[in-house]
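Here's the structure, in structure tokens; my notes come after.
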Amino acid sequence: MILNRWTASSDELTALALETNPNVKPFGGNSAGYTSISDTYTMYNGTKVNITAEKSPKNNGRVLFNNKIKPDVQTNKPVVQANK
């Protein structure tokens with residue numbers, strides 16, 4: 001799996017879901033850090049508002065709240081490193 005500053009939001013949650021899979025190893029740079037979960041609420045006049053309402057739990061019990069996910073292998077050439 002490749003992580004970088006463009007890995008954000010639902011991509012980060014996917015990375016968290018895969019982190020305990022022994023066949024998956026993250027390469028690259030830190031993710032964007034949008035690991036909170038937002039809920040959308042509809043107001044009385046139909047306007048919608050997004051409110052950050054949840055924190056993202058990791059498989060090890062640790063909780064992330066807008067923290068960046070760090071790859072196992074920090075590299076500027078993640079595809080090259082992953083192929084090795």
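Given the structure is predicted, the values throughout are model-derived calculations rather than measurements.
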- [ ] Give a yes or no on whether Asn76 atom CG has more than 12 heavy-atom contacts from other residues, nucleotides or ligands under 6.0 Å away.
- [x] no
Open item on the list: Could you check whether atom CZ of Phe27 has more than 12 heavy atoms from other residues, nucleotides or ligands sitting under 6.0 Å from it?
Closed with: yes
Distance check, rounded to the nearest 0.5 Å: [X] atom [atom1] versus [Y] atom [atom2]?
X     : Y     : atom1 : atom2 : result
Thr42 : Lys48 : OG1   : NZ    : 3.5 Å
Asn4  : Asp11 : CG    : CG    : 9.5 Å
Ser31 : Ile2  : OG    : CD1   : 14.0 Å
Ile37 : Ser9  : CD1   : OG    : 9.0 Å

TODO: Answer yes or no: is there a side-chain heavy-atom contact under 4.5 Å between Gln74 and Asn30?
DONE: yes
Open item on the list: Measuring only between side-chain heavy atoms, which start at C-beta, is Val49 closer than 4.5 Å to Thr40?
Closed with: no
TODO: Consider only side-chain heavy atoms of I, L, V, M, F, W and Y, link residues closer than 4.5 Å, and tell whether Met1 and Leu64 are in one cluster.
DONE: yes
Task: Path from Met43 to Ile51 over hydrophobic side-chain contacts below 4.5 Å - done: yes
Restricting to non-hydrogen atoms, name the atom on [X] and the atom on [Y] that form the minimum distance, rounded to 0.1 Å.
X     : Y     : value
Leu3  : Ala15 : CD2-CB, 4.0 Å
Gly29 : Pro71 : O-CD, 3.4 Å
Thr52 : Phe65 : CG2-CE1, 3.6 Å

Open item on the list: Before you tell me yes or no, could you show the steps for Asn50 and Asp39 under side chain to side chain contact (heavy atoms under 4.5 Å, CB included), namely the whole-Å CA-CA distance, both residues' side-chain angles and the distance that decides it to 0.1 Å?
Closed with: CA-CA 6 Å; Asn50 286 325; Asp39 289 329; over 6 Å; no
TODO: Take Asn66 and Ser36, measure what side chain to side chain donor-acceptor pair (under 3.5 Å) needs, and give me the verdict at the end.
DONE: CA-CA 5 Å; Asn66 292 333; Ser36 60; 3.1 Å; yes
TODO: Could you walk me through whether Thr75 and Gln81 pass side chain to side chain donor-acceptor pair (under 3.5 Å), step by step?
DONE: CA-CA 8 Å; Thr75 177; Gln81 287 292 106; 4.9 Å; no
Whether the side chain of [X] engages the backbone of [Y] through a donor-acceptor N/O pair (distance < 3.5 Å, no angle test) should be reported.
X     : Y     : result
Glu12 : Lys68 : no
Asn21 : Glu19 : no
Thr35 : Asn67 : yes

Task: Test side chain to side chain contact (heavy atoms under 4.5 Å, CB included) applied to Pro26 and Thr7, Leu18, Asp72, the passing residue - done: Asp72
